[in-house]
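These numbers come from a predicted model, not from an experiment. Numbering of ligands and ligand atoms starts at 1, following listing order. Quick note: numbers below take in every heavy atom, side chains included, and nothing from hydrogens, waters or symmetry partners.
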Amino acid sequence: MSMNNQGRPTGIGTAGTGASGSALLPDEPLLFEIGDTEHSGVDLPEVKLATDRLGGFGRNTKLDLAGLTEPEAMRHYVRLSRLNHSIDSGMYPLGSCTMKHNPRLNEKMARLPGFADIHPLQPASTVQGALELMNQLSHWLMTLTNTAAVALSPKAGAHGELLGMMAIKAAQEAKNEAHRRIVLVPESAHGTNPATAAFLGYSVKPIPARDDGTVDVQAVKDALSPDVAAIMLTNPNTCGLFEPQVIEIAQAVHDAGAFFYCDGANFNAIMGVVRPGDLGIDAMHINLHKTFSTPHGGGGPGAGPVVLSEALAPFAPVPFVRKGEKGLELVEHIEGEALGRITAFHGQMGMYVRALTYMLSHGADGLAQAAEDAVLNANYVKARLEHVFSVPFPDYPTMHEALFDDSFLKGTDVSTLDFAKALIDEGFHPMTMYFPLVVHGAMLIEPTESESKQTLDRFCDVMAELATDAKSGNAERFIAAPMKAPRRRLDETRAARQPILKWERPEDLPQAAE
Ligand SMILES: *Cc1c(COP(=O)(O)O)cnc(C)c1O
């Protein structure tokens, strides 16, 4: 491909006319292909150095950077950002991920200089407002969950899981119960649950799901023993079902001297309606970047605060905010601390501001309504599609996500993957595929509360049309999809096994490479 130095590929057609509304933009070259090393985006005067203060370590090769002006560099990144779906450009029905709208008020608050321009090493007396914000956020999280303590600092859900399980481990070591080496994980769990347990050296014992998609309390009781440290249970679970026997499970786990870790990534379905502490949980991470609308995707930033029960509160990490004699203070060391800190500094301040803004602008009643609307929307999608799709667990109403399986595609030559790819051509991000694993060819759809009925109807119309087309024998459309994306089907295995992480100038590559 040839391209001009403005970054527009030549001979490919014009970028982004948006005529069809669903096609994405054509290819975007790399920054180094747009700019060259001969030019610079800025004019710097020649500086005559009196003395070399680098002790002979000055660079003597050319600085190999693409010389671009600010608008050239900015346009490159904006064009890149338009090559993909985003929650700001369309519905993102990705199950378990809670991709909801991030209200712009959140962004406005996060940009206030008193939050955005402070430094983690500033004296506490100069950041009282930020500490107050962390204090209030902690209060909301503990109140919403009815728990005794919270650690704000983990930087993602999986990081929170690690911290919660470390607290459980520390509590058991303090009771001379380090022999507890088994963690029970239901088969419907998110992959991070068994990974967390294994990372801490536990052996993972899977708990089978019942035919109706929920966890079998008898199977939990049978698996409990003096060697079990904890159960890691998600509620609502990843089939979108509220575990009806969660209290009985918590009771059995506690009776066996073990702890109840709850994966709270699905808290969006119950916030303001159910307090997990009332169900008997001991530790639970909350994904601020899911439930509380802070942005996520593309790897971050996230925030996964962990709430802890009375029994685990003494094992919380530092730092935390406390009221001292001279106002709020950040406690960075405590006597006999079990864990120390889980991250440098204090966590993702920008996410704290966005999350608290979301909470305060909704109020307690508004949060409950958001959860109810999320559940309503998921049930609406299920009700509109259950006649054309197949529903693996029809007995229960769903919580925040609607789960379908691939049995409606039987005999069509269309797989779940093909179906999801066809959705891209219709302008929607695909749903979650092949997860949870307990369902064959799973399609997990989480609309969230932030989509209007009009958007849901358009999505359901497209889904129903696709399903009808697949069943009528038009497999070609699905197997060829996506047709309108800048990349078609990727060789994902090769991309994972042989990633090309470094760009080299074509003139530097070995000549033989043809
Ligand atoms: C997203 C998610 C996680 C992990 O959260 P990250 O912030 O991505 O690390 C864990 N469990 C469930 C059920 C999730 O949906």
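The shortest N/O to N/O separation between His159 and ligand 1 does not fall below 3.5 Å. Ligand 1 has no N or O atom lying under 3.5 Å from any N or O atom of Thr234, backbone or side chain. Inclusion of Lys290 in the set of residues having an N or O under 3.5 Å from an N or O of ligand 1 is warranted. In terms of polar-atom proximity, Gly157 is counted as a contact of ligand 1, with an N or O under 3.5 Å from an N or O of the ligand. Between His289 and ligand 1, a contact under 3.5 Å exists for at least one N or O pair. Considering backbone and side-chain atoms together, Asn287 places an N or O closer than 3.5 Å to an N or O of ligand 1.
Evaluated for a side chain to side chain contact (heavy atoms under 4.5 Å, CB included) with Ile182, the options Leu224, Ile231, Val228 yield exactly one hit, Val228.
More than 12 heavy atoms of other residues, nucleotides or ligands lie within 6.0 Å of CG in Leu490, so this atom counts as buried by the packing criterion.
Residue Ala265 approaches ligand 1 through these ligand atoms, each under 4.0 Å from one of its heavy atoms: 2 (C), 11 (N), 12 (C), 13 (C), 14 (C), 15 (O). For ligand 1, the atoms closer than 4.0 angstrom to any heavy atom of Ala156 are 7 (O), 9 (O).
Listed by first and then second residue, the side-chain hydrogen bond (donor to acceptor under 3.5 Å, both in side chains) pairs that reach into residues 183-192 are Glu161-Thr192, His190-Thr192, sequence neighbours excluded.
Between Val321 and His346 there is no side-chain heavy-atom pair separated by less than 4.5 Å. Taking 4.5 Å as the limit, some side-chain heavy atom of Asn266 sits within range of a side-chain heavy atom of Glu401. No side-chain heavy atom of Asn235 sits under 4.5 Å from any side-chain heavy atom of Pro276.
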Distance-only donor-acceptor hits, side chain of residues 384-395, under 3.5 Å, sequence neighbours excluded:
from   : atom 1 : to     : atom 2 : distance (Å)
Arg384 : NH1    : Asp457 : O      : 3.4
Arg384 : NH1    : Asp457 : OD1    : 2.9
Arg384 : NH1    : Asp461 : OD1    : 3.3
Arg384 : NH2    : Asp461 : OD1    : 2.7
Ser390 : OG     : Asp405 : O      : 3.2
Ser390 : OG     : Asp405 : OD1    : 2.7
Ser390 : OG     : Ser407 : N      : 3.4
Ser390 : OG     : Ser407 : OG     : 3.0
Ser390 : OG     : Phe408 : N      : 2.9

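At a 4.0 Å cut-off, at least one heavy atom of Glu161 sits close enough to ligand 1 to count as contact.
Side-chain atoms of Asp227 and His179 form no donor-acceptor pair, as typed in the model, at a separation below 3.5 Å.
Residue Ala158 touches ligand 1 through backbone and side chain together, judged by heavy-atom distances below 4.0 Å.
Shortest contact from atom 11 (N) of ligand 1 to any protein heavy atom: Asp263 OD2, 2.5 Å.
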